[in-house]
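Reckoned from all heavy atoms, side chains included, excluding hydrogens, waters and symmetry mates.
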Amino acid sequence: MKSLFFSGWMVYSIFSTAQTMAPQQLPLPAMAPGHYVQSPATVSFTSIGSTRFDLQTNQGTVNRILQFDDGTVEATWTMGFLETAFDDRGTGYNYHNGTNWAPAPTARIETVRTGWPSIFALGSNGEGVIAHQATGGLIFSHRSDKTTGAWTQNTLSLPVGVTSMLWPRVVSNGADNNCIHVFSETAPVANSGAIYQGLDGALVYSRSQDGGTTWDIQNLILPGMTSTEYRGFAGDSYALAKPAGNTLAFVYGDEWADIFLMKSYDNGTTWSKTTIFQHPYPLFQETTTLVTDTPWVCDGNIAVALDNYGVAHVCFGLMRVQNLSLTDASTSFFSYTDGLVYWNESMSSFTSLDKTVLAGTGNLIGWCEDINNNGLLDFTAVPIYYNSLSSMPTIAIGTNNDIYVVFASQRENLNNGIQNYHQLIGRKSSTYGLTWGDMVDLNESIIYNYSECVFPVMTFGNDNFLHLIFQKDDEPGMAVRGDSDPYADNDIMYGKIPLSTFNAGVTVCPGNFNVPVIVQTALDISSFSISFSYDPAVLTYQGYTAPDPVFGGNLLVFPENNTVNLSWSGLTPISLVYDTLVYLDFMSVIGWCNLQWNNSIPGVCHFTDINSLPLPASYVHGSVVSFACSDVQGLVSYNNQEARPLPEVGVTLSDNGQPVGQTYTNTDGAYFFHQLAGTANYTLLSQTNLPYSGANAGDALMVMKHFVGMTTLTGLPAKAGDVDGSNTLNTVDALLILKRFVGLENSYPAGDWVFETPGFSVSPGSSITQNIKALCYGDVDGSYYFGAKESLPQLRMTQDQWVHPDQPFDLPVSFAQTATISSLSWVLSIPEGMMENGLTIL
């Protein structure tokens with residue numbers, strides 16, 4: 001479409017335009033006090049191998065590290081040194097004998113070129129690795145005694161009509177680890193494959209119950225993953241959890257499909273599906289599905305873990321996408337999208353992945369840190385991984401069901417002069433994902449200031465340590481794809497991370513709040529007694545609310561000597577897999593205390609069965625920090641009669657010039673700052689990447705009238721007219737407005753948007769409402785309504801016309817009613833190629 005822009009005051013011009021958006025500074029979501037990245041004791045990492053092939057996964061987490069019962073550890077990665085074909089590519093493998101790692105490998109374990117290895121325990125003391133090859137079935141390498149002897153290599157069978165299987169995920173379970181579970185994908189058309197059972201890339205499941213000798217389930221498309229529900233699956237956009245007994249979990253999510261969980265409680269015989277997020281464009285197809293909005297979706301980097309009770313916990317990165325053309329065989333992604341999301345099976349499915357919504361529900365658990373506290377992410381540029389700025393999650397769960405998440409996040413203060421580096425950030429929840437502790441920089445040591453730390457994979461060991469591997473490079477980005485950087489050596493790093501590296505707690509304001517009393521998996525109980533202790537100097541017990549109806553009114557809650565006691569008994573046993581028994585209501589003052597189960601008194605905290613025999617159960621506890629705070633909220637809207645709310649505006653709260661908080665406006669234009677401490681004088685600063693428009697000849701005329709004294713512009717309209725940023729309004733501003741309207745300029749020195757910057761004071765416990773008005777620079781009269789200028793009087797065509805090709809014709813345009821005007825601006829859109837660039841205005 002060709003757009004013809006006209007101005008009736010000074011200049012006429014004809015041109016076509018293309019709009020792109022590549023922001024390099026973005027506002028941050030609000031971060032609650034106490035949730036900023038803290039400096040832990042330095043975590044020590046060791047290089048266990050290297051590779052010049054620097055792509056470890058296209059998106060989802062791969063099972064790459066495991067610990068055996070004897071404490072030994074194994075790690076794998078895709079390794080290759082002979083660029084660019086990498087004929088030597090295969091599985092890099094190393095082993096820790098409990099004291100030291102073996103020397104770094106220099107050759108793959110396979111005899112053929114492979115990639116994407118997934119490692120698992122096999123038999124009583126053996127090991128297995130399954131990887132893919134470019135053509136043919138998956139390569140299954142195994143040996144009965146780990147680290148000893150040669151690897152035996154087999155090729156798994158292909159589905160009929162399929163030439164290769166790609167991107168496997170493998171786990172094993174059973175008393176002897178001889179039950180093997182494999183998810184992999186038939187090669188899509190783009191990877192020299194073909195449509196299989198109606199799917200361009202089919203995800204299939206296979207199972208062996210005898211260590212891989214035979215396969216009782218082979219290449220099965222599970223119900224809910226067929227061509228009825230999907231057109232195909234993106235490569236590598238999935239993850240497979242370490243089993244919990246006979247419970248298995250597999251999760252999928254990408255930019256153009258649903259996020260869903262597949263779950264089996266009978267070791268893979270049957271599966272059920274839970275949709276975590278329904279994509280707004282089901283059965284998306286690039287050639288037929290036009291997407292002019294920018295929906296929030298999963299970026300394909302996804303991870304899953306099962307807790308000790310078989311409940312699935314999922315993390316994934318956020319992304320925004322578009323498909324503005326049906327003929328270019330491509331879609332668009334927004335490379336500066338940021339955010340990491342958490343979900344578990346006790347939560348409802350997402351109806352929106354809007355970052356502001358997720359921040360409000362507590363599901364947004366990771367983001368880039370604004371290290372210089374200026375309210376912006378000041379990146380030189382970001383390397384291309386096709387994912388969120390905070391992504392590549394890996395998740396592990398401890399023996400007491402503490403949840404540990406590690407992800408790669410762009411670091412504002414670390415760059416090589418061209419692009420910013422990633423570092424690994426960790427976070428822990430001791431409340432089953434309801435609250436999260438501080439974000440911890442695992443690469444805090446100065447030796448990582450010029451290191452790209454990506455592709456983390458983590459497991460929880462039986463030694464109560466987290467075992468983590470990642471890829472470290474001197475250059476941000478990759479050589480294999482994305483940036484196409486020069487090839488260089490990359491280290492595979494290993495770390496044994498103490499759980500004390502992480503912390504978890506709850507931050508509250510003085511006043512009333514409630515604490516969920518959570519019990520995790522007590523099966524077939526007939527009674528329980530619990531004592532819950534607290535510090536009376538900080539907390540005062542107020543009562544309880546919302547007891548679980550499963551107790552049928554028999555739950556007793558009573559306070560005594562700075563404890564809250566709970567008890568229940570019933571003749572019909574019940575099971576608590578993950579339940580909030582009751583909410584305890586407290587009033588807090590400023591201070592800190594632990595909230596914990598009182599296990600020091602024998603018999604106080606216990607569960608029993610119908611025969612009064614004690615049963616095992618686990619409990620959740622944590623810390624509470626309370627400080628004086630206030631709230632600030634308001635609406636950001638356009639400065640005209642409609643006062644249309646502005647979404648996705650970054651609002652920075654500044655205290656005497658020092659930024660103390662950042663947030664986005666939601667879809668209603670609302671922003672919120674909660675838990676602000678103490679008395680302060682604040683200023684609100686705003687910025688946005690919303691599209692620019694609105695200024696035309698009428699606005700230029702108003703600036704000229706102000707300059708010659710015919711009228712006076714004040715406040716925000718006066719600021720909007722100062723497009724050259726000179727703090728004065730004159731003919732230079734008027735001319736710039738006209739030039740931008742007709743396309744002789746594509747920006748203003750002052751920028752695109754101007755906002756009010758209100759200042760105000762708060763005191764502890766106060767609640768302030770402060771609205772903010774905005775204008776596009778140049779739109780002095782505020783007539784921009786996101787794509788449509790007010791236009792009174794209206795223009796009209798006198799009649800429809802039939803014209804002959806290659807012949808001149810007249811196009812009469814008149815006013816719809818009598819009017820006296822001082823300026824005129826209008827746009828005539830004509831399909832591309834329908835008219836030569838010849839136009840005479842009479």
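Pairs engaging residues 54-76 under the salt bridge (Lys or Arg N to Asp or Glu O under 4.0 Å) rule: Asp70-Lys146 [sequence neighbours left out].
For Asp354, the side-chain hydrogen bond (donor to acceptor under 3.5 Å, both in side chains) test picks out Thr356, with sequence neighbours left out.
The aromatic rings of Phe460 and Tyr404 sit parallel, their planes meeting at an angle under 30°, below the 60° perpendicular limit. Between His96 and Trp101, the ring planes are perpendicular. Angles over 60° get that label, and only those under 30° would be called parallel.
With a 4.5 Å cut-off on side-chain heavy atoms, Pro456 and Leu468 count as touching. Side-chain contact between Met439 and Trp367: present, with at least one pair of heavy atoms (C-beta onward) separated by less than 4.5 Å. A 4.5 Å side-chain heavy-atom check between Ile302 and Ser237 finds every atom pair outside the cut-off.
Closest heavy-atom contact between Ser352 and Leu358: O-CD2, 3.9 Å. Among all heavy-atom pairs drawn from Ala249 and Leu306, the shortest one is CB-CD2, 3.7 Å. The shortest non-hydrogen separation linking Thr337 to Arg320 is OG1-N, 3.6 Å. The two atoms that bring Glu127 and Phe68 nearest to each other are CB-CZ, 4.5 Å, heavy atoms only. Between Asn401 and Asp307 the shortest heavy-atom distance is OD1-CB, 3.0 Å. When all heavy atoms of Leu466 and Ala396 are compared, the closest pair comes out as CD2-CB, 4.0 Å.
Using modelled atom types and a 3.5 Å distance limit, the side chains of Thr57 and Asp236 yield a donor-acceptor pair. Under 3.5 Å, the side chains of Asp463 and Gln67 contain a donor-acceptor pair of N or O atoms. Side chains of Tyr342 and Asn344: a donor on one and an acceptor on the other come within 3.5 Å.
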Evaluate Phe407 against Cys315 for side-chain contact (heavy atoms from CB on, under 4.5 Å), listing each step before the verdict.
CA-CA 10 Å; Phe407 59 97; Cys315 280; over 6 Å; no
Decide yes or no on side-chain contact (heavy atoms from CB on, under 4.5 Å) for Asp299 and Tyr386, but give the supporting numbers first.
CA-CA 8 Å; Asp299 72 353; Tyr386 307 100; over 6 Å; no
Verdict with reasoning, Gln56 to Val457, per side-chain contact (heavy atoms from CB on, under 4.5 Å)
CA-CA 10 Å; Gln56 294 303 322; Val457 183; over 6 Å; no
Given the rule in the side-chain contact (heavy atoms from CB on, under 4.5 Å) test, do Phe350 and Ile276 qualify, once you have shown the distances and angles that lead to the verdict?
CA-CA 6 Å; Phe350 295 118; Ile276 300 172; 3.9 Å; yes
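For Phe316 and Phe277, the gap between ring centers reaches or exceeds 6.0 Å.
Applying the ring-ring contact (aromatic ring centres under 6.0 Å, His included) test between Phe470 and each of Phe45, Phe455, Trp77, Tyr494 identifies Phe45 as the sole match.
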